[in-house]
Amino acid sequence: MPELPEVEVVRRGLESWVTGRTVESAEVLHPRAIRRHPAGPDDFAARLTGRRLLAPRRRGKYLWVPLDDPPSSVIMQSIDEGSRDHGGEALLAHLGMSGQLLVGEPDQPFEKHLRVRITFTDGGLDLRFVDQRTFGHLMVDDLVADVFARTARTPVGTARTPAGRARTAADTARTIAAEHVGAECAGAERSVPEAIAHIAPDPLEDAFDEEVFFQALRRRHTGIKRALLDQSLISGVGNIYADEALWRSRLHWARPTETLTRAEVARVLTAAREVMGAALEVGGTSFDSLYVNVNGESGYFDRSLNAYGRQDEPCGRCGTPIRRDVFMNRSSYSCPTCQPRPRRPRL
DNA sequence: CGTCCTACCTGGAGGC
DNA sequence: TGCCTCCAGGTAGGAC
């Protein structure tokens with residue numbers, strides 16, 4: 001179940017394995033995998049063929065690989081069609097529930113759930129999109145200006161660990177975010193794929209504005225977990241890390257957002273950054289073999305989860321058995337003692 | 001518009 | 001052994 005840390009692990013793998021390489025071919029083996037690419041498989045392949053892949057970017061659970069400028073003949077054709085601007089294009093990916101981006105030897109047999117295969121002109125390792133449950137997808141999309149980009153950004157220097165205290169996982173996460181967002185965007189216009197223009201920044205991004213998030217929560221009439229899972233408010237957080245962040249910040253999933261204080265919002269955000277940063281350090285979370293990095297390896301973070309999947313096991317703080325509630329058609333794990341149910345819960 | 005619900009998928013686990 | 005049901009859950013789109 002790839003959430004932000006798992007997607008970041010994949011982004012890094014792509015960065016080292018495919019950046020700078022030129023696409024030889026793109027083969028769509030299952031049309032559902034590109035269902036959000038409206039022009040269909042042939043157009044998808046045509047837009048990738050011959051293009052060089054630039055450094056991969058990520059927002060929340062979305063990953064994209066900007067493409068260098070297409071040949072001028074393609075530009076002229078698009079201008080004739082009158083439909084596209086030329087702020088650039090990117091290969092956009094969402095892994096859904098079970099998507100994997102794998103690099104491997106081109107002569108390896110096709111995986112059972114191989115959906116898209118991309119080969120390169122250098123004849124080296126190919127890139128495969130494998131997805132059992134087909135909730136993931138790929139598309140080639142136009143890049144547009146990021147409406148969430150902050151005009152007066154926090155200096156990257158804030159990623160430094162304050163003197164006199166131990167370096168925490170949250171510090172690591174902020175440093176990582178500053179490095180990969182800050183460095184790459186210096187001097188360049190910030191852009192995101194059009195299809196995800198509505199996806200809010202994730203809490204490890206510089207573009208994430210804590211006050212904006214707090215004010216949005218105060219205006220909402222819903223529970224905190226619903227809000228954490230709402231990618232238009234905050235991205236990258238899924239069911240696992242939502243439960244972990246709430247456990248760490250001692251907040252119940254049904255706590256009404258309009259009653260949250262600034263301090264509580266700061267607490268849950270810090271918790272989210274810490275837990276996702278710690279997961280990143282060990283290569284992400286995996287429960288089965290469905291989530292893997294580009295080399296097919298699983299992470300180890302499931303050994304460090306405090307709430308998720310731990311029904312009836314003792315809470316690591318107080319020993320009370322962890323409780324499982326069904327809500328939004330999925331499981332929520334919490335400690336009945338550390339995370340008391342609010343008097344007026346919002347389900 | 002805000003809020004909430006459901007369809008979309010496959011395969012592993014567990015009941016009988 | 002086989003057949004059935006449940007479960008995992010991110011997102012778009014629709015209902016209200």
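Below, read A as the first sequence line, B as the second, and so on, with proteins coming before strands; counting in each chain starts at 1.
If you find the closest nucleotide of DNA chain B to A/G223 and to A/R115, the one lying nearer the 5' end belongs to A/G223. Heavy-atom nearest nucleotides on DNA chain B were determined for A/R219 and for A/N329, and the one closer to the 5' end corresponds to A/R219.
A straight line from CZ of A/F327 to P of C/dA8 spans 14 Å, rounded to a whole angstrom. B/dC5 atom C1' lies 14 Å from atom CG of A/L347, rounded to whole Å. B/dA7 atom P lies 14 Å from atom CZ of A/R32, rounded to whole Å. At whole-Å resolution of the value, CG in A/L233 and P in B/dG2 are 10 Å apart. Distance A/M139 CE to C/dT11 P: 14 Å, rounded to the nearest Å. For the pair A/R133 CZ and B/dC9 P, the interatomic distance rounds to 14 Å; values are reported in whole Å. Rounded to an integer number of Å, the gap from CE of A/M328 to P of B/dC4 is 9 Å. Per the geometry, CG belonging to A/L217 stands 14 Å off P belonging to B/dG2, to the nearest Å.
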Side chain to side chain contact (heavy atoms under 4.5 Å, CB included) between A/R267 and A/R250, intermediate numbers included
CA-CA 9 Å; A/R267 226 163 73 205; A/R250 304 180 194 230; 4.2 Å; yes

Begin with the C-alpha distance, continue with both residues' side-chain angles, and end with the deciding distance and a verdict on side chain to side chain contact (heavy atoms under 4.5 Å, CB included) for A/R128 and A/L29.
CA-CA 11 Å; A/R128 301 181 182 202; A/L29 293 99; over 6 Å; no

So A/D69 and A/R51, salt bridge (Lys or Arg N to Asp or Glu O under 4.0 Å) or not? Walk me through it.
CA-CA 7 Å; A/D69 294 334; A/R51 306 290 287 278; over 6 Å; no

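For the pair A/R226 and B/dT3, the criterion of a side-chain N or O lying under 4.0 Å from OP1 or OP2 is not met. Here A/R220 reaches the OP1 or OP2 of B/dT3: one of its side-chain N or O atoms lies under 4.0 Å away. Put simply, A/T222 has a side-chain N or O that comes within less than 4.0 Å of OP1 or OP2 on B/dC4. Note on A/H221: every side-chain N or O is 4.0 Å or more away from OP1 and OP2 of B/dG2. When the side-chain nitrogen and oxygen atoms of A/S331 are compared with OP1 and OP2 of C/dA8, one or more of them lie within a distance under 4.0 Å. Residue A/R324 places at least one side-chain N or O under 4.0 Å from the OP1 or OP2 atom of C/dA8. Taking side-chain N and O atoms only, A/Q231 has a distance below 4.0 Å to OP1 or OP2 of C/dT11. Using a 4.0 Å cut-off, some side-chain N or O of A/R330 falls inside it from OP1 or OP2 of C/dG10. OP1 or OP2 of C/dT11 sits under 4.0 Å from a side-chain N or O of A/K61.
Judged purely by atom type and a 3.5 angstrom limit, A/R115 uses its side chain to pair as donor or acceptor with the backbone of A/D131. Between the side chain of A/R59 and the backbone N or O of A/V192, no donor-acceptor pair lies under 3.5 Å.
Side-chain proximity of A/R36 to the nucleotides C/dG10, C/dA12, B/dT10 is greatest for C/dA12.
Residue A/H137 is classed as having no contact, given no heavy-atom separation below 4.0 Å to the nucleic acid. At the heavy-atom level, A/Y62 lies under 4.0 Å from the strands shown only through sugar-phosphate atoms.
A side-chain donor from one of A/K225 and A/S332 sits under 3.5 Å from a side-chain acceptor of the other.
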